[in-house]
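Comments concern the structure below.
Residue numbers start at 1 and run along the sequence shown.
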Amino acid sequence: MLPKVFVNEKIPASDVWNTEVTFKRGEKYLVEAASGAGKSSMCAYIYGARTDYEGSLIFYYGKRPRMNAGKYDMATWQRTRRWELAYLPQELDLFPELTAWENIELKNRLTHHCVPTVIEERMERLGIASRRDYPVGKLSIGQQQRVAIIRALCQPFSFILLDEPVSHLDEKNNRKVAAMIEEEAARQGAGIISTSVGNPLQLTDPHRLRL
């Protein structure tokens, strides 16, 4: 796979672009790159939010036939995003006028994945329980990242895609977030794919890839 914008450019050696790479369920991956190398594009391609690439993106589902995501229709993508892929974009995509709780619950109402006590425990664990009823637009970027992380975990998934999820968190909160994500991924037998430009999610023994 290669972004079309890179096709006529001489790009540095990469573990992802212009190679055949396989992400396996149950494994953890840290994709490190310089700014502009395409880490956000990679996440968007896997999630189906963008299709401006050359090559193939293939999903494997156990013994079922391989499926080329480039041929998915919208209904297939909707099912895939609801049941197979969780995604935290770098832009977070929160609703600033809604409270922290409302942003999380908005997704949880669609999936019915978490009981309220689990969400409350996660907010307490990440130090944002006192901001539960604050409009997200009035929270710091680091607090917004923690809200978005909890929201991303409110669904079933085979993989969770995290684009610079802790760029505004200190080491202590980074480790708390990483532990929470690893616990939920392990519970679901899911894989983790996280990107970084210098402040990586503190995953335990991840596979490290370069863009």
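Under the 4.5 Å side-chain criterion, counting only non-hydrogen atoms from C-beta, Trp101 is in contact with Ile119. Proximity of Ser196 to Leu201: side-chain heavy atoms (C-beta onward) are nowhere separated by under 4.5 Å. No side-chain heavy atom of Ile193 sits under 4.5 Å from any side-chain heavy atom of Ile160. Contact of the Val115 side chain with the Val118 side chain is registered, since non-hydrogen atoms from C-beta on lie closer than 4.5 Å. No side-chain heavy atom of Met67 sits under 4.5 Å from any side-chain heavy atom of Ile58.
A salt bridge between Lys28 and Glu182 is present, with a side-chain N of the basic residue lying under 4.0 Å from a carboxylate O of the acidic one. A salt bridge links Arg50 with Asp52; the closest basic N to acidic carboxylate O contact falls under 4.0 Å. Between Glu183 and Arg187 no salt bridge is recorded (no basic side-chain N to carboxylate O distance below 4.0 Å).
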Under 3.5 Å, which donor-acceptor pairs link side chains of residues 29-36 to any protein atom two or more places apart or in another chain?
unit_1, atom_1, unit_2, atom_2, d
Tyr29, OH, Lys24, N, 2.8
Glu32, OE1, Arg208, NH1, 3.2
Glu32, OE2, Arg208, NH1, 3.2

Report, one line per pair, each donor and acceptor closer than 3.5 Å where one atom sits in a side chain of residues 127-140; sequence neighbours left out.
unit_1, atom_1, unit_2, atom_2, d
Arg132, NH1, Glu120, OE2, 3.4
Ser140, OG, Gln143, N, 3.1
Ser140, OG, Gln143, OE1, 3.4

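For the residue pair Glu184 and His113, a side-chain donor N or O sits within less than 3.5 Å of a side-chain acceptor on the partner. Between Ser158 and Arg25, the side chains place a donor N or O and an acceptor N or O closer than 3.5 Å (distance only, hydrogens not considered). Judged purely by distance below 3.5 Å, without hydrogens or angles, the side chains of Ser40 and Asp163 pair a donor atom with an acceptor atom. Side chain to side chain, Glu164 and Thr195 fail the donor-acceptor criterion of an N or O pair below 3.5 Å.
The only option from Trp83, Tyr72, Tyr87 that meets the ring-ring contact (aromatic ring centres under 6.0 Å, His included) definition with Trp77 turns out to be Tyr72. For the side-chain hydrogen bond (donor to acceptor under 3.5 Å, both in side chains) with Gln155, the lone residue among Glu84, Lys107, Arg82 that qualifies is Lys107.
Not one N or O on the side chain of Glu105 forms a donor-acceptor pair closer than 3.5 Å with the backbone of Asn103.
Criterion: ILVMFWY side-chain heavy atoms under 4.5 Å apart, direct or through other members. Under it, Leu126 and Ile181 are part of a common hydrophobic cluster.
Cation-pi contact between Arg81 and Tyr47: present, with separation from the ring centre below 6.0 Å and deviation from the ring axis of at most 45°.
When the shell of 6.0 Å around CG of Asp205 is examined, it contains 12 or fewer heavy atoms from other residues, nucleotides or ligands.
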